[in-house]
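Only one structure is covered here, and it is reproduced in the block below.
The sequence lines fix the lettering, A, B, ..., with proteins before strands; numbering per chain opens at 1.
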Amino acid sequence: MSGFTQALTRGMWREIPPFRLVLGLCPTLAVTKSADNGLGMGAAVIFVLVLSNFFISLLRKLIPAKVRIACFIVVAATLVVAVELLMQAFAYPLYQTLGIFVPLIVVNCIILGRAEAFAAKNGPLLSIADGLGMGVGFTCSLTVLGALREAFGAGTVFGARVMPEAYQPVAFMVEAPGAFVCLGLLLAAMNALGRDAGQPPAGCRACGACYEAAARREGGA
Amino acid sequence: MKDYLLLIVSAVFVNNILLAQYLGNCPFLGCSKELGVALGMGGAVVFVATLATAFTWLIQTFALAPFGLDYLQTIAFIVVIAALVQFVEMFLKKAMPPLYTSLGIYLPLITTNCAVLGIAIIAQRKEMDFVTAVIFSAAAAAGFLLALLLMAGIRERYEVTRIPKPLQGTAIGLVTAGFMSLAFFAFSGMI
């Protein structure tokens, strides 16, 4: 059972995706204008990640090694289509706010990275735990970043006022430059905090290379 | 003609795919440590994004839309892009070895580059016609190349700069990207 707990909690702090693994930066930057959006995006990613990890781990003995990336992408794409349809049916305003970043979950490095580094090597139960842990870690990061940007950029968090009335919102924070700077500084803060943990963030060479890097880290650890 | 010119300026500078629309950040931060690598990656993206948008436009218009299969867009596009990347790689290897040696190693990485899929989907959502979509995709990808090259130029300087330890690597890259994005904001007054 300790393996299960470990798989579940790893993604929540020690390898929290956007900060420690530096995976999935595009949605992290794009949808975190407010805490709401971050949470919504996170929920969609949890859904896709848990199910893709589950299916890939079930299929791992059937998928030939040579075409595994293509197979992973097709599995992820199918689930993303399901999420798109579900969001259109039950959360249409959110679907519109997130815009093209809903279909783009399919190329989110976290999905492929976890499929390659974890689900392709472990059983279904462990893979679900890993997907859930990583998904929750991703959601927390997005919500925190969203809350931070919303607080400084609009003076609210989840739409509720947190700054004093006299506070002048810094529009910079909710625009693109604010997203980059804010994430960069958070990353630096996490680096400073995690120094004793001895876990340097794996530099992400390119989206497609993420799973390789993740696999190598997994193999080396 | 003027419309196309405006479209190009808007896609390259005003709505820069990287700095204003947040697409393709992983290669942006990963492949921007050296100018040569940045040029190779950017060139490969321009090449593949233009081709991919043309192909996905045809597929959307002639294979998906007439049969009411629009909801399959995401899955169809990503499969087309993956196949296209593979095909381009084989074609370049056979027909244009010099180009293959310079772009070859970046091609497999492009399948999961969200800029490529993103450009194809944006062209679809804005309901562009074929010529507009192709011009838009080439221009947007050129914007990606431009941002990547600028970033690589800055980051080469960082090699000899003393940066506080927690900020090293991706963190300072993101902060730099933020200020580049701020600079690109100035273009939004142009159109």
Can you check side chain to side chain contact (heavy atoms under 4.5 Å, CB included) on B/Ile78 and A/Val107, steps first, answer last? CA-CA 9 Å; B/Ile78 191 75; A/Val107 282; 3.5 Å; yes
Proximal component of B/Ala177, with respect to chain A [non-hydrogen, under 4.5 Å]: both
Shortest non-hydrogen contact from A/Ala176 to B/Ser181? CB-OG, 3.6 Å
Does some side-chain heavy atom of A/Cys26 sit less than 4.5 Å from a side-chain heavy atom of B/Gln21? no
Where on B/Leu167 is there a heavy atom nearer than 4.5 Å to chain A: the side chain, the backbone, both, or neither? both
Determine whether A/Ile100 and B/Leu23 make a side-chain contact, defined as any pair of heavy atoms from C-beta on separated by less than 4.5 Å. yes
From A/Leu29 CG over to B/Asn25 CG, what is the distance, rounded to the nearest 0.5 angstrom? 5.0 Å
Is atom OH of A/Tyr167 surrounded by more than 12 heavy atoms (other residues, nucleotides or ligands) closer than 6.0 Å? yes
Give a yes or no on this: more than 12 heavy atoms of other residues, nucleotides or ligands lie within 6.0 Å of atom CZ of B/Phe185. yes
Mark yes when over 12 heavy atoms from residues, nucleotides or ligands other than B/Phe130 sit less than 6.0 Å from its CZ; otherwise mark no. yes
Can you tell which part of B/Phe184 gets under 4.5 Å to a heavy atom of chain A, answering side chain, backbone, both or neither? neither
Mind checking side chain to side chain donor-acceptor pair (under 3.5 Å) for B/Asp3 and listing every partner two or more places apart, or none if nothing turns up? none
Does A/Phe152, at its CZ atom, have more than 12 non-hydrogen atoms belonging to other residues, nucleotides or ligands within less than 6.0 Å? no
Which bit of A/Ala76 comes within less than 4.5 Å of chain B, counting heavy atoms only: side chain, backbone, both or neither? neither
So, the part of B/Ile172 with a heavy atom under 4.5 Å from chain A: the answer is neither
Of the listed A/Leu25, A/Leu104, A/Val102, the one with the largest count of heavy-atom pairs under 4.5 Å with chain B is A/Leu104
Kindly indicate whether the side chain of B/Val175, heavy atoms from C-beta on, has any atom under 4.5 Å from the side chain of A/Phe180. no
Toward chain B, the part of A/Ala30 with a non-hydrogen atom under 4.5 Å: both
Sort A/Gln88 into side chain, backbone, both or neither according to what part of it lies under 4.5 angstrom from a heavy atom of chain B. neither
Side chains of B/Phe179 and A/Pro177, heavy atoms from C-beta outward: is any pair under 4.5 Å? no
Side-chain touch A/Val181/B/Leu174, heavy atoms, less than 4.5 angstrom: no
Can you name the closest pair of heavy atoms from A/Pro103 and B/Arg125 and give their distance? CG-NH2, 3.7 Å
Portion of A/Leu185 that has a non-hydrogen atom of chain B nearer than 4.5 angstrom: both
Can you tell me how far the CD1 atom of A/Ile73 sits from the CD1 atom of B/Ile81, to the nearest 0.5 Å? 9.5 Å
Using non-hydrogen atoms and a 4.5 Å limit, figure out which bit of A/Val74 sits close to chain B: side chain, backbone, both or neither. both
